[in-house]
Amino acid sequence: MPKNLVIVESPAKAKTIEKFLGKDYQVMSSFGHIRDLAEKGIGIDFENNYEPQYVVSSDKKKLVSELKKVSKDAETVWLASDEDREGEAIAWHLYEELKLKKDTTRRIVFHEITKEAILHAIETPRDIDINLVDAQQARRVLDRIVGFELSPILWRKVRPSLSAGRVQSVAVRLIVEREREINQFVAEASYRVSAIFNSVDNNGKPIELKAELPQRFPTKAEAMAFLELCNGAQFNIDSIITKPAKKSPAPPFTTSTLQQEAARKLGYSVSQTMQIAQRLYEAGKITYMRTDSVNLSDLALGTSKAEIISMAGQKYVHTRKFNTKTKGAQEAHEAIRPTYMNAHTVEGTAQEKRLYELIWKRTIASQMSDAELEKTSIYITVSGSKYQFIATGEVIVFDGFLKVYMESSDDEQDTVDESLLPAMKNGEELYPMEIVAQERFSQKPPRYTEASLVRKLEELGIGRPSTYAPTISTIQNRLYVEKGDRQPDKRDFNVLKLKGGKITDQIKAENTGAEKSKLFPTDIGMVVTDFLTEYFPEILNYNFTADVEKEFDSIADGDIKWRVAIDKFYKKFHPIVEDTMKNSERQVGERILGVDPKSGRQLSVKIGKYGPLAQIGTVEEEEKPVFASLRRDQSIESITLEEALELFKLPRQVGEYEDKVMTVAIGRFGPYIRHDNTFYSLPKTDDPMDITAERAIEIIEEKREVEKNRIIQTLGDNSEIQVLNGRFGPYFTCDKVNYKIPKGTDPTTLTFEKCQELIAAQPEAANKKKSFGRKAAAAKTDKKTSAKGKTSTKSKAKK
DNA sequence: CAGTGAGCGAGCTTCCGCTTGACTT
C-alpha cells in the first residue's frame, strides 16, 4: 500500500505524474468537481445565510467512495488540483467530502508537468486557501441564483424550457445586437481611384506600375471631375520612400485562439476542435487544451530553441515570454503546445494531424525571429492638382518566423504580400494606361461565427476555456441562435474609366453580403433578449461579469465575506424577479405591420405556439383572424408588410388532376402539393408561388413512378421482409428496422435466408437495446448537460 | 412527417465550471 495519495483533476495528468513519482505514491484523478449544488430546486438555503447544499454528483459516487478508501490508508494525501479558483474549490470539496485530516493533508500546485516541477511542489506544500474557495462559492451561488430565478420567468412569460444565465444571455445579446446593426446599416458609396502606369526599366523593358489614390471621392461628379483633370495631365514620380518594417509572431495558443485559428484555417467548429484536441491530449501529444495562458514552460522554450536551430539555424531563434492580457485569466496551465517539440507531426486521423501541425507551427513560430520587411512607397504627382497616386510594395528581407508558415501552408496569402516594385527614379515621367474610378460601398458589420463569438466573450471576460464550446452549443440548442448561410444580394456599381483619352461610364453588378456558417438570432432569441434587457439590464450588461469578478477578487483577498457579497446582490436582484413575474406582460414579440389592403384589417406578426406567424385581423373582432406561418428565412424583426401579404397567397389551388384539386402550400417540411390527400414535396428549384398545373402534375407523376419502383421484392411467408429502393440505394426492412445490403449484392437475388443472415451479421437489434438502456439511464439521472443531450439525439437518429 | 394559432390546466424545464465515460453476456 503506497504511503502517499496524490489527487489531480485529470486522469491523463495522473498517468504522467505517476511515472515521475516513486512507488510510494499513488496518483488518482477526481475527474473535475466531485460535488455541486443540489440538482433539484435551487440548492441554496436562503433562511440559513445562503448555505450551499452540496451533493456528490451521481456519476461521482463510486469514485468518491474509492478515493475515501484509499485516502484512509494513506499517510499523506496531496491535493494537487489546478491553481485557480475552481481548482482550490475542488481541493476543499475533496477535503470536506473525504473527511481528510489537516495534519495529514497537503495542498500542492504546479503549472507544468515535469519531474522537477512536481518534486518542487511536493517540497513546498501549503494549506487550502479558504478565501479563494469562498470566491468560488460566491461564483457558484451567484450563477445558480441568476440562472434558476431568471429561467422560470421565461417559462411563464415566453415559452417553457427556455433558459437564461450570466454567460449565455449575454452571448445571445451580442448576436441580437449585431443583427440589428446589420439591419440598420446603410451602405455609403464613394469612388476609389486606381491607375496602371506604363514605363520602361533601366534595360528598356516595358513595365507596369499599379497605384492608388489615397483619398476617395464621395460623389460621382467629383470622381468624374478628377478623371477629366487626369485626361491630358502629366504624371511624375515625386519621391520614393523605402522603410524597414517588422512582423512579429503571435503568442502560442490558448483555448480561444486555437478555436479561432482552427475555424479559419481548417474549418472546424468550436466543439470539433475541442474534441480533436482532447484526443491529442489523452494520447500525450499536446499539453492541456483548456487554458487561458500563453505561457510556455522553460522546458518548452529550451526544446523549441533546439528545434529551431537544427531546422533553420541560430539566427532564426528569438526566445520570447508572452504575457497573458486576457481579462480574468487564471493561468492554471501552460499555453497549448506539443509535448515534444521535436515531433513535427503525429500518428492519428487526418483531423488530428492537421490540428497538431497547426499547434506545432504556432508554438515554434512564437519562438522565432521577427520577419524583416522593406516597404516601398512611390508617390506620383498629377500635374495641375494637389493629388498624388501612391504605389506600394513589400519585400521580405528576412523571413524569420514566416518560414514556418510558408513552408507547408498555402492558405496564408493574406499575411504575406511579396509584390516587388520595379526600380525607378525620382522625377521620372509615367504614362497612364488606364485610370479607373470605381464606386465602392462601406461594409456591413459581419455576423459572428462560433469562433469570433468566443473571441468576443473572452475579450469581455465572460465564460471560461472549459465553457466556450458548451455555451455555443447551449444557445443553439435553446434555439436562440441558428448557424446558417446568407445568400448574396446583387448590387450595381458604377465604373468610370479613362483610357485612350476617353472616359467611359459603365454599370457593373457584384454579389455582396454572402455569409457562410454564421450565427443568426431567432425570433425567440430576440424576444428573450429584449425582455431580459428591459427588466434585468444589470445582468445583461456586458460588464456584469467583469464587475462581479472584481467582487470575487475582493473575496479571494479576504477583504469581504462571500455571504455578504451575495446578500448585497440578492437583496437587489430578487425583488426585481418577483416584480417581473407579477407585473410583466406575456412576450410574443408582436409587431403591427399595417393594414391588409383587401380586407382593411390589421396585419401583424408575432410568435405563436408553433413559431412565428403573420395574422390578419385581431381576436377581438367578430370575424376570426386569418393566420400564416412565416418562412424559415423570415423574421418578425425584419419582415415587411409586402412580404407578409405574400404569405397569405398560400395555400393556392393550381388546378385539377384526375378530377381532384391540387393545392400548393408550405408545410413544416417545406413547400408541397396536396392532391387526393397525398403530399408531394416540391423540389427546391420550384417556386410555390408560380408553379403551374402542368408542372404540378409532372411532380405527382414523378413521385408515383418512384413509389412504383420502391418495392423490389417481398420475402417471407408473411412478407416480413421487404427489399426496397431508398434514397441512398437499395436496402431491406424487417420488423421496422432497416438493414444495409452489402456492396456488390444484386438486391433482386436476395433470399429470405440470406436476409436472415444479414440481420444476424448487423447487430442492429443489440444496438437498439443498448441505446434504450442508455436513454432510460439518462431519464433517471435527469441532469444531462446539453452536450450529452446532443449525443443522445444523435444515437436516436442513427437507428 | 404535412397545417394547427385554443387554456378545467398535470408536471416538467433551468445556471456555470471542473473533468471524462458509457450497466452486462
Side-chain angles (χ1 to χ4, degrees), chain A residues 8-14 29-37 39-44 57 59-60 62-63 81-82 84-90 93 136 139-156 159-169 278 281-282 288 290 330 332 462-468 470-471 474 478 545 588 606-615 619 624-629 650-651 663 665-674 677-681 766 769-771 773-774 776-778 782-783 785-788 791-792 795:
Chain A
V8 296
E9 291 184 37
S10 148
K13 208 167 164 179
S29 158
S30 75
F31 293 80
H33 275 292
I34 52 153
R35 59 178 200 181
D36 189 14
L37 296 177
E39 282 285 334
K40 248 192 137 164
I42 195 136
I44 299 162
S57 320
D59 52 340
K60 297 285 169 61
K62 226 175 106 184
L63 172 73
S81 45
D82 299 344
D84 58 12
R85 202 162 60 203
E86 297 298 325
E88 204 66 20
I90 289 174
H93 281 300
Q136 193 273 349
R139 200 280 304 156
R140 182 68 192 92
V141 167
L142 178 99
D143 281 338
R144 174 54 72 88
I145 291 175
V146 170
F148 275 37
E149 295 215 345
L150 286 187
S151 299
I153 304 179
L154 297 181
W155 304 343
R156 174 89 68 87
R159 178 184 283 187
S161 304
L162 293 178
S163 64
R166 173 175 59 83
V167 172
Q168 59 168 283
S169 296
Q278 174 89 30
Y281 168 66
E282 284 171 10
Y288 196 57
R290 291 188 275 264
Q330 307 198 7
I462 299 171
R464 303 278 312 130
S466 68
T467 59
Y468 294 136
T471 300
T474 299
R478 298 266 175 276
T545 291
V588 293
K606 67 173 187 186
I607 294 176
K609 197 178 164 188
Y610 308 104
L613 61 84
Q615 168 179 354
V619 279
K624 273 198 168 175
V626 188
F627 299 96
S629 288
L650 293 175
T663 315
I666 295 180
R668 276 214 296 156
F669 311 102
Y672 64 92
I673 303 164
R674 189 177 186 157
N677 274 329
T678 311
F679 295 86
Y680 303 87
S681 287
K769 226 179 227 167
K770 213 173 192 173
S771 66
R774 208 178 291 165
D782 90 314
K783 45 131 237 161
T785 66
S786 57
K788 284 177 188 170
T791 50
S792 82
S795 67

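Letters A, B, ... mirror the listed sequences (proteins, then strands); counts begin at 1.
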Participant: Taking atom types as they are modelled, is there a donor-acceptor pair under 3.5 Å from the base of B:dA6 to the side chain of A:Tyr610?
Facilitator: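 Per atom types, the contact qualifies.
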
Participant: Assign A:Thr467 to base, sugar-phosphate, or nothing according to its heavy-atom contacts below 4.0 angstrom with the strands shown.
Facilitator: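 Touches a base.
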
Participant: Counting heavy atoms from C-beta on, name the nucleotide in B:dC16, B:dA2, B:dT19 closest to the side chain of A:Asp143.
Facilitator: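 The closest nucleotide is B:dC16.
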
Participant: Measuring from the side chain of A:Asp82 (C-beta onward, heavy atoms only), which nucleotide among B:dT14, B:dC18, B:dT20 has the closest atom?
Facilitator: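 Taking heavy atoms from C-beta onward, the closest nucleotide is B:dC18.
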
Participant: Go through the N and O atoms of the side chain of A:Ser161 and the base of B:dT13, and report whether any donor-acceptor pair is under 3.5 Å.
Facilitator: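 Such a pair exists between side chain and base.
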
Participant: Please report the distance, rounded to the nearest Å, between CG in A:Asp36 and C1' in B:dC15.
Facilitator: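 From A:Asp36 CG to B:dC15 C1': 10 Å.
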
Participant: If you look at every strand shown and take non-hydrogen atoms under 4.0 Å, does A:Gln278 touch a base, only sugar-phosphate, or nothing?
Facilitator: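 Sugar-phosphate, backbone atoms only, no base.
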
Participant: Residues two or more places apart in sequence or in another chain: which of them pass ring pair (Phe, Tyr, Trp, His ring centres under 6.0 Å) with A:Tyr468?
Facilitator: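 By the ring pair (Phe, Tyr, Trp, His ring centres under 6.0 Å) rule, A:Tyr468 matches no residue at all.
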
Participant: By a 5.5 angstrom centroid cut-off and a 30 degree plane limit, is there stacking between A:Trp155 and B:dT14?
Facilitator: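 Stacking is absent between B:dT14 and A:Trp155, given that the ring centres and planes do not meet under 5.5 Å and under 30°.
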
Participant: Would you say A:Thr467 and A:Val167 make side-chain contact, with heavy atoms under 4.5 Å?
Facilitator: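 Heavy-atom side-chain distance check fails, nothing below 4.5 Å.
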
Participant: When you compare the ring of A:Phe627 with the six-membered ring of B:dT4's base, are the centres less than 5.5 Å apart and the planes under 30° from each other?
Facilitator: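 Stacking is absent between B:dT4 and A:Phe627, given that the ring centres and planes do not meet under 5.5 Å and under 30°.
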
Participant: Over all strands shown, is A:Ala164 touching base, sugar-phosphate only, or nothing at heavy-atom distances under 4.0 angstrom?
Facilitator: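 The residue A:Ala164 makes sugar-phosphate contact but no base contact.
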
Participant: In this structure, which stretches of DNA chain B are paired as stems of three or more consecutive Watson-Crick or G-U pairs, both distances less than 3.5 Å?
Facilitator: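 As far as DNA chain B goes, consecutive pairing (with distances under 3.5 Å) yields no stem.
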
Participant: Are A:Asp82 and A:Gln330 side-chain neighbours, meaning at least one heavy-atom pair lies under 4.5 Å?
Facilitator: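 Answer no - side chains too far apart.
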
Participant: What contact category does A:Thr471 fall into here, base, sugar-phosphate, or nothing, at under 4.0 angstrom with non-hydrogen atoms?
Facilitator: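 Nothing, no heavy atom under 4.0 Å.
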
Participant: Less than 3.5 Å between a donor and an acceptor, one on the side chain of A:Arg290 and one on the base of B:dC18, is that the case here?
Facilitator: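 Looking at the base of B:dC18, it does not pair with any donor or acceptor on the side chain of A:Arg290 (distance under 3.5 Å).
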
Participant: Using the test side chain to side chain contact (heavy atoms under 4.5 Å, CB included), find all partners of A:Phe31 that sit at least two apart in sequence or belong to another chain.
Facilitator: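 A:Phe31 satisfies side chain to side chain contact (heavy atoms under 4.5 Å, CB included) with A:Pro11, A:Ser29, A:Lys60, A:Leu63 only.
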
Participant: Name the nucleic acid region contacted by A:Val146, choosing base, sugar-phosphate or nothing; use a 4.0 angstrom heavy-atom cut-off, strictly under.
Facilitator: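 The residue A:Val146 makes no contact with any strand.
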
Participant: Output the rounded distance in Å from CZ (A:Phe31) to P (B:dA22).
Facilitator: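 Interatomic distance, CZ of A:Phe31 to P of B:dA22: 9 Å.
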
Participant: Would you say the side chain of A:Arg139 and the base of B:dC16 hold a donor-acceptor pair, judged only by whether the two atoms sit under 3.5 Å apart?
Facilitator: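 A donor-acceptor contact between them is present.
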
Participant: So, do A:Glu88 and A:Gln136 sit near enough that their side-chain heavy atoms are less than 4.5 Å apart?
Facilitator: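 No - every pair of side-chain heavy atoms lies 4.5 Å or more apart.
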
